[in-house]
Structures are given as structure tokens and as C-alpha cells.
Amino acid sequence: MDYKRIITHVFNEITSGENLGQVSAYIPELAEKSPDKFGVYLTSLNHLEIGMGDHQEKFSIQSIAKVFSLTMAYKMLGEKIWERLGVEPSGTAFNSLVQLETDKGIPRNPFINAGALVICDILISQLKNPKAEFLAFVREITGNKKLSYSEKIAASEKATGYRNVALCNFIKSFGNIENAPEVVTDFYFHLCSIEMTCEELSKAFLYLANGGKTFDGNNPVITTSQAKRINAIMQTCGFYDESGEFTFKVGLPGKSGIGGGIIAIHPGKYSIGVWSPCLNAKGNSYRGMKFLEQFTTETRLSIF
Ligand code: GLU
């Protein structure tokens with residue numbers, strides 16, 4: 001497979017096409033990014049690395065970090081975590097409160113904000129120093145010692161994250177949050193604040209392409225079954241209320257964030273990080289989705 005030729009061709013086509021949508025204005029740090037930024041990086045399990053465009057510029061990975069927190073909680077507690085949240089697509093916006101009322105505080109899945117807050121609560125109950133231990137875990141599984149939180153972005157979210165505060169308090173009213181809501185949201189805002197480049201993102205997620213083992217050294221991060229299940233949840237719930245569309249058009253498990261990043265994984269083959277800050281109406285990167293759609297079409301490789 002000539003990945004390099006295909007990536008170059010698709011990248012150039014997408015760059016010369018439209019760039020629709022809006023850069024997220026949720027917090028000022030996201031709004032500052034130029035809409036024309038566009039980077040791609042692929043790392044394959046047979047040691048191929050291909051980068052294009054702004055692949056070495058850091059951006060806020062936002063919701064993509066929810067995959068790391070799920071990985072850590074799943075590793076520590078196994079199937080027990082599913083007593084506190086589900087694995088069904090929500091069919092609602094990522095920050096919606098609506099279903100929690102009828103679902104009695106049990107979030108539909110770990111990638112909507114409600115579910116990610118419950119995962120944060122689980123980790124806080126398990127860890128002595130949650131923020132430091134979580135960061136150490138992410139550094140270890142990604143093999144990247146340079147990763148860290150952006151205190152500036154975390155503080156910005158803290159100052160404006162009224163909905164997340166509401167979600168956390170609402171879930172606590174049903175008894176599905178054990179710790180103080182301000183501690184849970186502080187941890188949540190920090191994990192969303194991690195910054196990465198497309199290159200770092202692509203390398204960080206190789207454990208999900210590699211059956212749950214680290215790429216360098218084949219050390220188990222999680223079991224093969226857990227890796228399969230996390231990929232499955234990414235497939236069905238990784239793109240807000242557009243997960244069906246992403247599956248339909250791209251055909252790979254993945255996760256997006258409102259910073260404009262997308263990670264997509266071909267289990268057994270590669271992991272690809274894409275970043276372009278203009279978001280479509282559903283909150284996913286416009287060019288990122290377009291790129292991946294054309295990429296899996298031209299490589300004729302998807303999991304389906
Ligand atoms: N920190 C953002 C929020 O909680 C994450 C949104 C996202 O990337 O989906 O609203």
C-alpha cells in the first residue's frame with residue numbers, strides 16, 4: 001500500500017477545497033487557532049511514519065483525552081465500570097443533560113461529557129493524586145514524557161464550564177458521583193486541556209491498533225479484549241451525534257475533540273492523527289472528516 005502517495009494526494013485535494021464551519025469559541029484558547037491549520041500524521045505497525053502540513057504544531061486534544069481516562073479506569077477496575085455507565089450511542093449532543101433524567105444519572109457512554117465525568121469520579125476514588133497519576137499513566141502508555149496539561153486552558157474551562165458543573169451536580173443528585181463535584185470537574189478540565197501534535201496523537205494511540213500493547217516493547221497496557229471494546233465504543237460513540245455518519249463515511253474507530261483533532265485507528269494496521277480547527281455543525285473537524293473519508297476510500301481499507 002502506497003500510503004505516502006495517497007496521503008499526499010488526498011491532503012492536497014482537501015487543502016485546495018472548501019474549509020467550511022467554525023473554529024470553536026468555547027474558550028478563548030481554542031478560538032485563537034487559525035482556521036487554515038491542517039495537519040496529518042500516520043504511524044503504521046510496520047514502522048511507517050508519514051506527516052503532512054501542520055503535523056508538528058500542538059493543539060488542545062479536548063475530548064480525545066476521554067479515551068485515555070477510559071483506558072485507565074478500565075485497566076484498574078475491569079468490567080465493574082459498566083455498573084456506572086453504558087456503552088450505547090446517545091444520539092444527543094456531547095454536553096446534553098436531557099437523558100440523565102430518565103436514565104437516573106447513568107450516562108449512556110464514556111465519551112459524552114456525562115460519562116467522562118463519571119470516569120473521572122471513578123479515577124479520583126481510586127487514585128491518591130489523580131491529576132499527577134493520570135498524567136504519568138498517559139505519558140507511560142504513549143511513550144511520551146513531554147505530555148502535560150495546559151493550566152491556561154484548564155483555567156479557562158473552569159471559568160466557563162457551567163454545563164459541565166451542572167452535569168456533574170445533576171449526576172451526583174442520583175448518587176452516581178462519589179466525590180465533590182468541584183474536584184471531579186477540576187480533574188475533567190485538566191484532562192481535556194492536554195495538548196498534542198498530530199504526530200504525538202498518532203503515536204499515542206498505537207496501543208489500540210496493537211491489540212492493547214505498547215508499540216515500543218509490546219508491553220500490555222490493557223487486554224486485547226479491552227482494546228477491542230474501546231475501539232468498539234470509539235466506533236459507535238466517538239463522534240458526538242455524528243458517529244453513524246463517521247462510520248458510514250470513514251469506517252474506522254476514532255475520537256474527535258472540539259479543538260479540531262481526530263484520531264482514527266485501523267486495528268492491526270495503523271493509527272492516524274488529523275487536525276483542522278474548523279468544526280462542522282455537529283462539532284467535528286470539517287476537513288478532518290473529509291480527509292479520512294477520502295483516505296479510506298482511496299486506500300480501500302476500512303474495518304468493514
Ligand atoms: N472540554 C470540552 C467540554 O467539556 C470538551 C468538548 C469536546 O472536545 O468534546 O465541553
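Both ligands and their constituent atoms are indexed starting at 1 by order of listing.
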Under 3.5 Å, which donor-acceptor pairs link side chains of residues 176-183 to any protein atom two or more places apart or in another chain?
from	atom 1	to	atom 2	distance (Å)
N176	OD1	R84	NE	2.6
N176	ND2	R84	O	2.9
N176	ND2	G105	O	2.9
E178	OE1	S125	OG	2.6
N179	ND2	D121	O	3.2
N179	ND2	D121	OD1	2.7
N179	ND2	S125	OG	3.0

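- In summary, the side chains of E29 and S60 do not present any donor paired with an acceptor at a separation below 3.5 Å, with no hydrogens or angles considered.
- Judged as a side-chain contact (heavy atoms from CB on, under 4.5 Å), and not counting sequence neighbours, the contacts of D241 are K282.
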For ligand 1, list all ligand N or O to protein N or O distances below 3.5 Å, rounded to 0.1 Å.
from	atom 1	to	atom 2	distance (Å)
ligand 1	1 (N)	Q62	OE1	2.7
ligand 1	1 (N)	E157	OE1	2.8
ligand 1	1 (N)	E157	OE2	2.8
ligand 1	4 (O)	N113	ND2	3.0
ligand 1	4 (O)	N164	ND2	2.9
ligand 1	4 (O)	Y188	OH	2.5
ligand 1	8 (O)	S63	N	3.0
ligand 1	8 (O)	S63	OG	3.0
ligand 1	8 (O)	Y240	OH	3.2
ligand 1	8 (O)	I258	N	2.9
ligand 1	9 (O)	S63	OG	2.5
ligand 1	9 (O)	Y240	OH	2.6
ligand 1	10 (O)	Y26	OH	3.4
ligand 1	10 (O)	N113	ND2	3.3

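- Sorted by first and then second residue, the side chain to side chain donor-acceptor pair (under 3.5 Å) pairs with a member in residues 260-276 form an empty list; sequence neighbours excluded.
- Between D216 and T214, the side chains place no donor N or O within less than 3.5 Å of an acceptor N or O (distance only, hydrogens not considered).
- Between F38 and F291, the ring-plane angle classifies as perpendicular under the 30° and 60° cut-offs.
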